Amino acid sequence: MRMSKMFSQTLREAPQAADCKGYEFLLRAGFIRQMGAGIFSLLPLGYRSTSKIENIIREEMDDLDGQEILMPLVNPADIWKETGRYYSIDKEMSRFNDRTGRDMVLAMTHEEDATSLGRSEINSYKKLPQLVYQIQTKWRDDPRPRAGLIRVREFTMKDSYSFDRDQAGLDEQYKKHYASYFRIFSKAGLPVIVVGADSGMMGGKVSHEYMYLSPIGEDTIMTCSECGYTANRQVAQFKKEYFKEEPKEMEKIETPDCKTIEALCKFLNIEQRQTCKAVFMVATFINDKTGEEEEKLVVAQIRGDLDVEESKLQNVLKANSLRPAHEEEITAAGIVPGFGSAIGCSPKAIVIVDDSVAKSNNLVSGANEAGYHLTNTNFKRDYTGKVADIASARDGFKCIDCGHTLTQNKGVEVGNIFQLGTRYSEAMNCYFTDIDGKAKPVVMGSYGIGVGRLLACLAEEYNDERGLSLPISVAPYQVHFVSLMKDQSIGDKIYADLKAAGVDVLYDDRKGSAGVKFADADLIGLPIRITLGNKSYKEGKAEIKLRSNLDESFSYSLDTLVDDVKNEIKKLQDEITANIVVKELD
RNA sequence: CGGGAUGUCGCCUAGCGGCUAUGGCGCCUGCUUUGGGAGCAGGAUAUCGGAGGUUCGAGUCCUCUCAUCCCGACCA
């Protein structure tokens, strides 16, 4: 491609919206342009990169015997009603009516579509296992798009769906994806870690997320450097200390103005772990069949030194959503905010008790009376509720597996794998006849990778003060050929030779000054740069530099230039291949 | 959906009730220049996000509205 004919232009200054490096450079280099909140166009450079990413993904999916398909973006609402997600997913899914008034949706993921295809194509165990995948546009009306391509509303996703005869089959396909994703991210050059995850709206049990660790990430990852335990904070467990004592008699004491745990501890001169904190939430339950909603007040009891992890609480409740309760909702249940507890409030509210509370004794709780607390409260004796782990893991807490210290990091989720089981096949009647003649639900899995998000993460990982420096596997072109010659025909000739040799080359044939060309080359950041100047040309030479190390340059004879460049390309590609790290699921 | 901020040319930006709305980059023309965003000369481009209002007079003040960004809620 000749730069003189390139559609996009580079920007010398970063648009205001660019709040992180990767986003700034993608904009400035002309990879992407914004159309609206969370809506972007990919310009030629950006599209070439995402196409390369997609092809890496294709290679790996095909390697798993995946078959590429394309499912529709617009779905009749019927299939979403069958699984109940038409009702359980809120405004994030966009809905509309077609001209006849039929309910339609924009598919935000394709479990329903895939299951629908599964039930039409798979009828016998002989057809299993199967794996289909697609690379397709998703629309999710996210309430808060952020950080360029990191969190958008319209995006391209690779999603694959596995169909198996039984759990063992699913385990097999899940395991293959687990390893395959490492290959994909390695080939693209993105360092990731895999973490145990919350399956969220997908349902199902086992799931993992692939995280690119970065301060711009929105997820919090807990890791143990000692034993390798990693988990999204939403599900991360940790070793809690319990404080067993002989239960003492409960007593009501006056605690004026002690509306917070801190104030209470200060007033009574006790430690936070000697208190029990009540957190009031409202859970929404949606009936999968009818779409009817029901709200219930939830009292989460947790020890004063810990915090509630809302995702865990929501999972325990099997609620569709969870939000903090309003003051009126709390008082309506006879609870006094600031002095509240589960004591005496059931059955008006669902009580969930963290095991930190259940296994500790003589905690100070609210008395549900303004200005008063109860000392020596004990679970079971003084109140009941469902015991579960609903505590949020924090930096410095103890690893559940080995007891060493957990550290927390921010991460961006670039891929996920879910064991769906039979949640969708049962709901949508996707059954096959097994060898024993019995109809059984197909056991499914679903696996996603955000293509644009992957590019955004790569841009974040590979940049310096001058611009991008993407790995050769995903850079829009392999080579940037900068000609500084007055005589265009010389550059044209070399460009033609490079192209003829199959080199993926961007040729700066513009009339501009050297500075502009170098600055643009730095910004776009193609991995290999050839510079042809008057001086070197007279000596029959051209200069080659790597974007990853601009300080070093190599002089090559023009006679062998094409082969030398091909060698450099191969070296960089081999480097990536050599650095493929694959982790297997045990 | 709550809190905050910002909308002036393709991008960045000046303006703080008063004349024809700054300047830089980019763009166009010509000449010069050609190894790190070069110089000179000339040129084009803005219904100041939109609607209403206050005022003799509004980019500037007020009201509403729209859009975008940030924090939170939320989220793969």
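Chain naming here is simple, since letters A, B, ... match the order of the sequence lines and numbering starts at 1 in each. The shown structure was predicted, so the numbers you read here are calculated from the model rather than taken from an experiment.
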Atom pair distance, as rounded to whole Å: [atom1] in [X] and [atom2] in [N]:
X	N	atom1	atom2	value
A:Gln234	B:rC75	CD	C1'	9 Å
A:Ile32	B:rC11	CD1	P	15 Å
A:Glu543	B:rG35	CD	P	13 Å
A:Ile150	B:rA76	CD1	P	16 Å
A:Arg85	B:rA76	CZ	P	10 Å
A:Arg12	B:rG10	CZ	C1'	14 Å
A:Trp139	B:rC75	CH2	P	18 Å
A:Glu413	B:rC75	CD	C1'	9 Å

Closest to side chain of [X], choosing from [options]:
X	options	value
A:Glu92	B:rC69, B:rG36, B:rC75	B:rC75
A:Lys486	B:rU34, B:rG35, B:rC1	B:rU34
A:Pro15	B:rU68, B:rA76, B:rC11	B:rC11
A:Leu484	B:rC70, B:rC11, B:rG35	B:rG35
A:Arg28	B:rG35, B:rG37, B:rA76	B:rG37
A:Asn534	B:rC11, B:rC75, B:rU34	B:rU34
A:Glu13	B:rC11, B:rG36, B:rC74	B:rC11

Worksheet item: Honestly, is A:Lys583 close enough over A:Phe182, meaning NZ or CZ under 6.0 Å from the six-membered ring centre and within 45° of the axis?
Response: no
Indicate whether any N or O donor in one side chain lies under 3.5 Å from an N or O acceptor in the other, for [X] and [Y].
X	Y	answer
A:Glu112	A:Asn75	no
A:Asp159	A:Gln136	no
A:Thr220	A:Lys410	yes

Would you mind classifying the nucleic acid contact of [X] as base, sugar-phosphate or nothing, using non-hydrogen atoms under 4.0 angstrom?
X	value
A:Asp520	base
A:Gly448	nothing
A:Glu310	sugar-phosphate
A:Arg466	base
A:Pro143	base
A:Val152	base
A:Gln9	sugar-phosphate
A:Ala519	base
A:Ala147	sugar-phosphate
A:Gly415	nothing

Worksheet item: Rounded to the nearest 0.5 Å, what separation is found between the CZ atom of A:Arg510 and the OG atom of A:Ser4?
Response: 8.5 Å
Practice prompt. Check whether the ring centres of A:His208 and A:Tyr178 lie less than 6.0 Å apart, and answer yes or no.
Written response: yes
Measuring only the [atom1] atom in each nucleotide, how far is [N] from [M]? A whole number of Å is fine.
N	M	atom1	result
B:rC74	B:rA5	P	24 Å
B:rC12	B:rG26	P	15 Å
B:rC69	B:rU8	P	14 Å
B:rG43	B:rU47	C1'	22 Å
B:rU22	B:rC64	C1'	30 Å
B:rA67	B:rG24	P	35 Å
B:rC61	B:rG17	C1'	8 Å
B:rU55	B:rA14	C1'	25 Å

Discussion item. Please compare A:Lys91 and A:Lys545 by the position of their nearest nucleotide in RNA chain B and report the one closer to 5'.
Written reply: A:Lys91
Worksheet item: A:Gly38 or A:Asp142: which one's nearest nucleotide on RNA chain B is closer to the 5' end?
Response: A:Gly38
Base-pairing assignment for [N] (Watson-Crick or G-U wobble, both under 3.5 Å):
N	result
B:rA51	B:rU63
B:rA41	B:rU29
B:rA21	none
B:rC75	none
B:rU34	none
B:rU68	B:rA5

Practice prompt. Return no unless some side-chain N or O of A:Arg144 is found under 4.0 Å from OP1 or OP2 of B:rC74.
Written response: no
Worksheet entry | Any donor-acceptor N/O pair under 3.5 Å between B:rG35 base and A:Ser513 side chain | no
Fill in: Any donor-acceptor N/O pair under 3.5 Å between B:rC74 base and A:Arg151 side chain
yes
Discussion item. Using side-chain heavy atoms (C-beta onward) and a distance below 4.5 Å, is A:Leu306 in contact with A:Lys277?
Written reply: no
Practice prompt. Quick one: sort the A:His177 and A:Tyr181 rings into parallel, tilted or perpendicular, breaks at 30° and 60°.
Written response: perpendicular
Worksheet item: Can A:Phe418 be said to stack with the base of B:rA76, given centres closer than 5.5 angstrom and planes under 30 degrees apart?
Response: no
Worksheet entry | From CA spacing to verdict: side-chain hydrogen bond (donor to acceptor under 3.5 Å, both in side chains), A:Arg85, A:Tyr424 | CA-CA 10 Å; A:Arg85 289 208 291 184; A:Tyr424 294 89; 3.1 Å; yes
